[in-house]
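Read the structure below first, then the notes.
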Amino acid sequence: MTIAEERAAAAAHGPTTAYTGINDRTQLNPIFARPGESTDLPVDRIPDNESLPETAYQIVHDESMLDGNARLNLATFVGTWMDDHAARLYAESADKNMIDKDEYPQTAAIETRCWKIVAGLWNAPDPEKAIGTSTVGSSEACMLGGLALKRRWQLARKAAGKPTDKPNLVLSSAVQVCWEKFCNYWDVEPRYVPITDEHKVLDGYELDKYVDENTIGVVAIMGVTYTGMYEPVAEISKALDRIQEQTGLDVKIHVDGASGGMIAPFLQPDLVWDFRVPRVVSISTSAHKYGLVYPGLGWVVWRTASDLPADLVFDVTYLGGHMPTFALNFSRPGAQVLLQYYLFLRLGFDGYYRVQKASQDVALYLSGEIAKMPAFELWNDGSDIPVFAWQLKKGHTDKWNLYHLSERLRLKGWLIPAYPMPDNLTDLTVQRIVVRNGLSHNLAESLVLDIQEAVEYLDALESPMPTEGQVHSFTH
């Protein structure tokens with residue numbers, strides 16, 4: 001087999017960064033192989049014979065260790081640590097099916113408590129009259145919010161005797177990919193408002209060029225995936241007010257608070273972005289990001305029950321009563337819902353504030369240190385959610401780019417992605433750091449030293465680094 005053929009065979013087993021080798025067998029280390037057991041097992045088909053649980057555990061344990069150190073992964077928003085009591089609760093409730101409200105009525109009741117708590121954090125006029133649900137993550141929560149917008153629009157159009165075949169949704173060009181999926185899966189035209197150097201987020205500028213009678217809603221993002229910046233929901237609402245005054249169109253807002261939905265209530269309580277804005281009819285968040293729960297869990301809440309079209313809600317009967325359910329998934333874990341309630345009880349408002357503030361302090365320290373380096377220019381500083389991005393300063397070097405820096409930092413274990421910005425800014429490459437619970441100030445200081453060392457190495461090169469085959473990495 002040639003080298004090219006070996007690489008192709010290895011690629012068939014998974015991502016090129018995985019330690020998959022080129023063989024279709026896995027060989028057990030003799031140090032933990034048990035007498036009488038097979039020591040040579042297939043990778044991609046079920047083995048013929050049983051293994052002892054200790055052996056199967058060791059194989060999976062050893063392979064999963066190769067995923068890397070989660071503490072040094074500054075690419076992902078997803079939480080990677082919970083305390084021992086949460087781990088115990090997780091193990092005890094791993095068998096609970098969230099959709100089976102007849103068998104697990106208490107888990108269903110706790111789910112309701114949680115979304116009412118979230119509705120209160122988001123300043124719902126009356127959490128008792130709101131309606132919400134847990135989801136497997138913020139992507140499903142966004143899709144449910146978008147689906148409700150579409151159905152509300154369809155019902156209004158049908159009542160007025162107007163066609164419903166050309167719905168569109170207005171959103172930023174920097175929107176998370178789940179919204180592209182929503183538009184694709186539910187036949188909605190996406191209308192992307194491009195971000196620019198002057199308008200780094202969707203801020204209401206020229207919104208009238210994108211909104212018309214077929215617009216089902218506008219998406220505002222509290223924590224843009226590319227950079228972590230908040231989109232000014234109140235300003236977007238004001239722009240829609242002006243459009244309604246001129247055209248009569250009453251366009252509602254869904255707030256994608258995947259990250260900021262669990263940051264802003266604690267760190268920016270005076271910022272008006274939530275249900276205090278009358279046009280906001282629904283808000284979603286990712287509980288497994290800054291909600292601090294293991295994946296996967298999300299929440300979506302509507303201002304009032306009437307903001308969620310009744311024909312989208314199914315009634316599940318349990319204990320002689322009725323529980324409304326609205327979800328894309330059916331069977332899904334209930335354990336994470338219990339973990340969220342545990343954290344609400346364990347941390348309280350003050351605890352969440354302290355955890356999120358610690359992450360923000362580290363983000364501001366890191367962005368401040370990176371801003372001091374002559375090679376870089378900040379895009380934002382992490383004062384919204386604890387996420388920030390920077391670009392290479394124009395004219396600094398022609399020998400290396402941010403992809404090279406990302407590769408250099410990976411040698412030290414740090415995962416810090418470099419990627420192009422969205423349409424209209426695709427010639428601009430940025431790097432982004434996501435500060436999560438667990439990135440201590442001491443680790444941040446080590447990271448600064450490693451960045452400085454990497455830049456010194458790259459700046460000292462006598463000729464340009466090769467750029468052939470470079471690929472960008474981007475973790476949501």
Side-chain angles (χ1 to χ4, degrees), residues 75 77 139 142 146 167-184 188-212 214-240 242-243 251 253-256 258-260 367 371 376-385 387-396 398 401-403 405-406 416-434 467 470-476:
F77 288 78
S139 292
C142 288
N168 67 69
L169 181 67
V170 177
L171 23 75
S172 162
S173 63
V175 78
Q176 210 261 8
V177 69
C178 72
W179 287 105
E180 298 177 38
K181 290 182 180 180
F182 166 77
C183 292
N184 186 341
V188 175
E189 175 198 353
R191 292 190 173 178
Y192 297 115
V193 180
I195 63 170
T196 64
D197 284 320
E198 295 77 25
H199 300 276
K200 293 184 174 181
V201 294
L202 176 64
D203 57 9
Y205 177 70
E206 294 187 336
L207 196 57
D208 58 305
K209 293 183 177 180
Y210 299 87
V211 171
D212 61 23
N214 292 315
T215 300
I216 66 173
V218 173
V219 175
I221 310 169
M222 287 295 287
V224 173
T225 303
Y226 284 84
T227 62
M229 296 179 68
Y230 288 157
E231 292 185 336
V233 180
E235 294 304 312
I236 295 170
S237 180
K238 290 177 182 177
L240 291 173
R242 293 191 292 270
I243 290 171
V251 178
I253 296 172
H254 173 85
V255 176
D256 179 355
S259 296
S367 65
F376 305 125
E377 180 179 338
L378 288 182
W379 181 268
N380 62 305
D381 65 0
S383 57
D384 289 339
I385 64 173
V387 176
F388 66 96
W390 69 90
Q391 62 198 74
L392 196 58
K393 191 170 290 183
K394 290 182 180 179
H396 175 76
D398 59 357
N401 57 39
L402 292 181
Y403 298 108
L405 177 58
S406 181
I416 303 178
Y419 48 84
M421 292 290 274
D423 289 348
N424 278 35
L425 288 173
T426 52
D427 58 339
L428 172 63
T429 297
V430 299
Q431 266 188 294
R432 183 197 68 197
I433 284 178
V434 177
T467 59
Q470 282 188 334
V471 294
H472 73 268
S473 57
F474 190 65
T475 301
H476 295 98

Nearest-0.5 Å distance that lies between atom [atom1] in [X] and atom [atom2] in [Y]:
{"X": "Arg432", "Y": "Asn380", "atom1": "CZ", "atom2": "CG", "value": "10.5 Å"}
{"X": "Asp208", "Y": "Ile243", "atom1": "CG", "atom2": "CD1", "value": "5.5 Å"}
{"X": "Glu231", "Y": "Ser172", "atom1": "CD", "atom2": "OG", "value": "5.0 Å"}
{"X": "Met421", "Y": "Thr227", "atom1": "CE", "atom2": "OG1", "value": "5.5 Å"}
{"X": "Gln176", "Y": "Phe77", "atom1": "CD", "atom2": "CZ", "value": "9.0 Å"}
{"X": "Asn214", "Y": "Arg191", "atom1": "CG", "atom2": "CZ", "value": "7.0 Å"}

Residue pair [X] / [Y]: nearest heavy atoms and the distance that separates them:
{"X": "Ala418", "Y": "Gln431", "result": "CB-CG, 3.7 Å"}
{"X": "Ile216", "Y": "Val188", "result": "CD1-CG1, 4.1 Å"}
{"X": "Asn424", "Y": "Pro194", "result": "ND2-CB, 3.4 Å"}
{"X": "Val233", "Y": "Ala220", "result": "CG2-CB, 3.9 Å"}
{"X": "Gly223", "Y": "Ile385", "result": "CA-CD1, 4.0 Å"}
{"X": "Ala239", "Y": "Gly204", "result": "CB-O, 3.8 Å"}

Not counting sequence neighbours, which residues clear ring-ring contact (aromatic ring centres under 6.0 Å, His included) with Tyr230? List them please.
none
Would you call the rings of His199 and Tyr205 parallel, tilted or perpendicular if under 30° counts as parallel and over 60° as perpendicular?
parallel
Do [X] and [Y] have side chains that get closer than 4.5 Å, going by heavy atoms?
{"X": "Val201", "Y": "Ile221", "answer": "no"}
{"X": "Val170", "Y": "Val193", "answer": "yes"}
{"X": "Tyr192", "Y": "Asp423", "answer": "no"}
{"X": "Thr429", "Y": "Tyr403", "answer": "yes"}
{"X": "Phe376", "Y": "Leu405", "answer": "yes"}
{"X": "Asp197", "Y": "Trp379", "answer": "yes"}
{"X": "Thr225", "Y": "Val387", "answer": "no"}
{"X": "Val218", "Y": "Leu202", "answer": "yes"}

Start with the C-alpha gap between Thr467 and Asn401, add the side-chain angles, then the distance that decides, and say whether side-chain contact (heavy atoms from CB on, under 4.5 Å) holds.
CA-CA 9 Å; Thr467 59; Asn401 57 39; 4.0 Å; yes
Kindly determine whether Leu169 and Phe182 satisfy side-chain contact (heavy atoms from CB on, under 4.5 Å), including the steps that lead there.
CA-CA 10 Å; Leu169 181 67; Phe182 166 77; 4.0 Å; yes
Answer yes or no: is there a donor N or O on one side and an acceptor on the other, between the side chain of Ser406 and the main chain of Ile416, under 3.5 Å?
yes
Kindly determine whether Trp390 and Val430 satisfy side-chain contact (heavy atoms from CB on, under 4.5 Å), including the steps that lead there.
CA-CA 5 Å; Trp390 69 90; Val430 299; over 6 Å; no
